[in-house]
Number of protein chains: 2
Amino acid sequence: MARASYHHGDLRNALVAAATAAVRSGGPGALAVREVAREVGVSPNAAYRHFAGHADLLATVAEHARGAMGAAMAEGLSSVAAQDDPLALARARLRAVGRAYVEYAVAEPGLFRVAFGETPEGPPGCVGGPDPWAMLQERLDEMDAAGGLGRRGRDGADTVAWAGVHGLAELLVGPLAGLDERARGAAVDRLLAAVAAGLAA
Amino acid sequence: MARASYHHGDLRNALVAAATAAVRSGGPGALAVREVAREVGVSPNAAYRHFAGHADLLATVAEHARGAMGAAMAEGLSSVAAQDDPLALARARLRAVGRAYVEYAVAEPGLFRVAFGETPEGPPGCVGGPDPWAMLQERLDEMDAAGGLGRRGRDGADTVAWAGVHGLAELLVGPLAGLDERARGAAVDRLLAAVAAGLAA
DNA sequence: ACGGCTATGTTCACGCCGTCCACATGAGGC
DNA sequence: GCCTCATGTGGACGGCGTGAACATAGCCGT
């Protein structure tokens with residue numbers, strides 16, 4: 001870790017790591033280019049060789065956070081038991097990614113905030129894992145194929161599902177932080193059921 | 001506006017107004033105590049006679065924003081036509097406040113962000129209008145009384161409804177900004193329908 | 001082997017911000 | 001009419017983001 005030479009060798013990654021740590025424990029506002037540089041043991045302006053500035057560094061952290069979130073969702077998905085009824089399976093899989101979404105937010109509030117907080121227009125993108133948005137799309141395609149999307153069909157189903165899950169995550173990280181484990185679990189269950197019902201209607 | 005005397009007379013309100021304007025066009029990050037003071041024509045430190053600091057000023061702006069949002073919701077509610085079927089009426093009224101919630105967020109993204117963005121633990125509170133959260137509760141009580149909440153009942157219904165609406169608002173202000181008016185309206189309609197279906201299930 | 005090119009870090013400097021402290025002012029109560 | 005206390009001012013400190021000029025060293029062609 002200690003850099004013996006004038007050139008660091010892996011500064012960019014080191015900066016991203018330090019920045020991620022900062023955001024992780026303190027949210028987006030806790031990111032300071034100077035401090036991150038200090039942490040890595042490098043002069044403040046060294047960071048400008050790898051990032052356009054504070055915003056760019058933050059955006060990079062956000063990309064990685066989205067990737068990590070996608071990975072968590074993929075893991076949740078992979079642990080869904082196989083099942084004969086394709087519709088029930090599709091529902092279970094949708095629930096699994098939804099649950100993983102909010103659980104990630106609760107587990108990593110700082111990273112979650114930064115992942116979807118500031119969106120300076122343009123496609124988000126993500127690195128280090130699958131794209132959460134894409135994963136949701138796949139689940140909904142599956143639901144559609146299984147006939148789980150009701151009268152209103154596939155169009156706009158993604159927005160509904162995402163809004164429900166994202167909103168709950170946002171609340172649990174914000175105004176509803178402080179809900180105990182139990183209440184939180186119940187809220188997640190009920191919300192996922194409501195989303196499923198809403199999509200089927 | 002120009003103050004003739006050493007003492008301003010209404011500094012606190014003037015500061016809140018200027019701060020609100022700043023947040024309105026630029027989000028939470030655009031609030032600077034010094035700039036607000038400059039705008040009002042007063043020394044930077046004068047603000048410290050009325051607010052504990054930057055965070056306190058921002059929190060005050062947030063309170064007002066929540067009040068304004070509550071007012072918008074109340075207005076949306078008041079324009080719901082009377083109706084004989086109490087359940088249909090309750091549903092329409094719930095939809096109205098939900099729609100107003102989302103529309104306020106889209107109309108005032110900066111204020112919306114600050115209204116629910118940083119919650120330093122503790123009850124939010126609001127000034128200048130009814131409490132959005134309380135308004136939602138009332139709508140759900142009404143729904144419950146009309147028998148509109150299904151098997152799972154009133155408990156937790158508030159979280160589901162709020163999550164759906166809040167999540168959509170958050171998306172429309174963030175990753176889904178740039179949706180055109182038409183798509184946005186469709187998304188709101190579909191989400192509100194889904195929430196209703198989810199609550200009835 | 002060596003000399004220069006270029007990517008990568010460093011130093012210095014500027015202006016802005018939040019906030020603390022000591023001081024000035026003046027409005028309102030005795 | 002004076003005194004007091006809330007309110008506003010000035011100056012200062014440290015931190016931040018960032019630009020410009022300079023230093024270092026890995027690398028590549030000769």
Side-chain angles (χ1 to χ4, degrees), chain A residues 1-63 110 113-114 117-120, chain B residues 1-63 110 113-114 117-120:
Chain A
M1 261 312 173
R3 127 189 98 98
S5 67
Y6 188 90
H7 280 39
H8 181 287
D10 194 24
L11 223 200
R12 186 181 162 95
N13 288 342
L15 288 172
V16 171
T20 300
V23 167
R24 194 177 168 132
S25 67
L31 179 62
V33 176
R34 290 180 102 109
E35 183 173 345
V36 164
R38 210 177 304 135
E39 203 118 353
V40 174
V42 92
S43 104
N45 291 24
Y48 286 81
R49 297 294 173 191
H50 301 275
F51 301 95
H54 178 270
D56 187 26
L57 178 52
L58 194 64
T60 305
V61 171
E63 267 185 345
R113 266 196 225 275
V114 87
E118 329 288 326
T119 312
Chain B
M1 260 316 166
R3 92 181 184 289
S5 67
Y6 188 90
H7 280 36
H8 181 288
D10 195 24
L11 223 200
R12 186 182 162 92
N13 288 341
L15 288 171
V16 172
T20 300
V23 167
R24 194 178 168 132
S25 68
L31 177 62
V33 176
R34 289 182 102 107
E35 183 174 344
V36 163
R38 210 178 303 136
E39 204 117 353
V40 173
V42 91
S43 106
N45 294 340
Y48 285 82
R49 297 293 173 189
H50 301 275
F51 301 95
H54 177 270
D56 187 26
L57 178 53
L58 193 65
T60 304
V61 171
E63 267 184 345
R113 264 195 225 275
V114 87
E118 329 288 327
T119 312

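The shown structure was predicted, so the numbers you read here are calculated from the model rather than taken from an experiment. By convention in this document, chain letters (A, B, ...) are assigned in the order of the sequence lines, proteins followed by strands, and residues within each chain are numbered from 1.
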Might you list the N or O atoms of the protein lying below 3.5 Å from N or O atoms in nucleotides 14-17 of chain C, with each pair's distance?
residue : atom : partner : partner atom : Å
C:dC17  : OP2  : B:Arg38 : NH2          : 2.7

Requested in this report: Report the nucleotide, chosen from D:dT9, C:dT11, D:dG8, that has the shortest atom-to-atom distance to any side-chain atom of B:Ser43.
Outcome: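 The answer is D:dT9.
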Query raised in the report: Tell me, which pairs form a salt bridge (charged side-chain N to carboxylate O under 4.0 Å, His left out) where one or both residues lie in residues 29-38 of chain B, sequence neighbours left out?
Result: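 Pairs touching residues 29-38 of chain B that pass the test: none.
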Return the value, rounded to whole Å, for the distance between atom [atom1] of [X] and atom [atom2] of [N].
X	N	atom1	atom2	answer
A:Glu39	D:dG15	CD	P	15 Å
B:Leu15	D:dG8	CG	C1'	11 Å
B:Arg12	D:dA6	CZ	C1'	15 Å
B:Tyr48	D:dC13	OH	C1'	13 Å
B:Asp10	C:dA27	CG	P	16 Å

Query raised in the report: Which residues satisfy the side chain to side chain contact (heavy atoms under 4.5 Å, CB included) test with A:Ala37, sequence neighbours excluded?
Result: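 With neighbours one apart ignored, the set is A:Val42.
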Report task. Can you sort out the partners of A:Thr60 under side chain to side chain contact (heavy atoms under 4.5 Å, CB included), two or more places apart, ordered by chain and number? Result ->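 A:Thr60 satisfies side chain to side chain contact (heavy atoms under 4.5 Å, CB included) with A:Arg12, A:Val16, A:Phe51, A:Asp56, A:His64 only.
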Quick check: closest heavy atoms across [X] and [Y], and the distance to 0.1 Å?
X	Y	value
B:Val36	B:Ala19	CG2-CA, 3.8 Å
B:Ala62	B:Val114	CB-O, 3.3 Å
B:Leu15	B:Leu57	O-CD1, 4.5 Å
A:Ala46	A:Leu11	CB-CD1, 3.9 Å
A:Pro28	A:Val23	N-CG1, 4.4 Å

Write down the protein N/O and nucleotide N/O pairs, taken from nucleotides 21-26 of chain D, whose separation is under 3.5 Å; answer none if there are no such pairs.
residue : atom : partner : partner atom : Å
D:dA23  : N3   : A:Tyr6  : OH           : 3.2

Query raised in the report: If only side-chain N and O atoms of B:His50 are considered, is one of them under 4.0 Å from the OP1 or OP2 phosphate oxygen of D:dA6?
Result: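 For B:His50, the contact criterion (side-chain N or O under 4.0 Å from OP1 or OP2 of D:dA6) is not met.
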Requested in this report: Only counting residues at least two apart or in another chain, list the ones meeting salt bridge (Lys or Arg N to Asp or Glu O under 4.0 Å) with A:Arg24.
Outcome: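 Only A:Glu108 meet the salt bridge (Lys or Arg N to Asp or Glu O under 4.0 Å) criterion with A:Arg24.
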Requested in this report: Check if the side chain of B:Asn45 and the base of D:dG11 share a donor-acceptor pair of N or O atoms closer than 3.5 Å.
Outcome: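 Side chain to base: pair found, below 3.5 Å.
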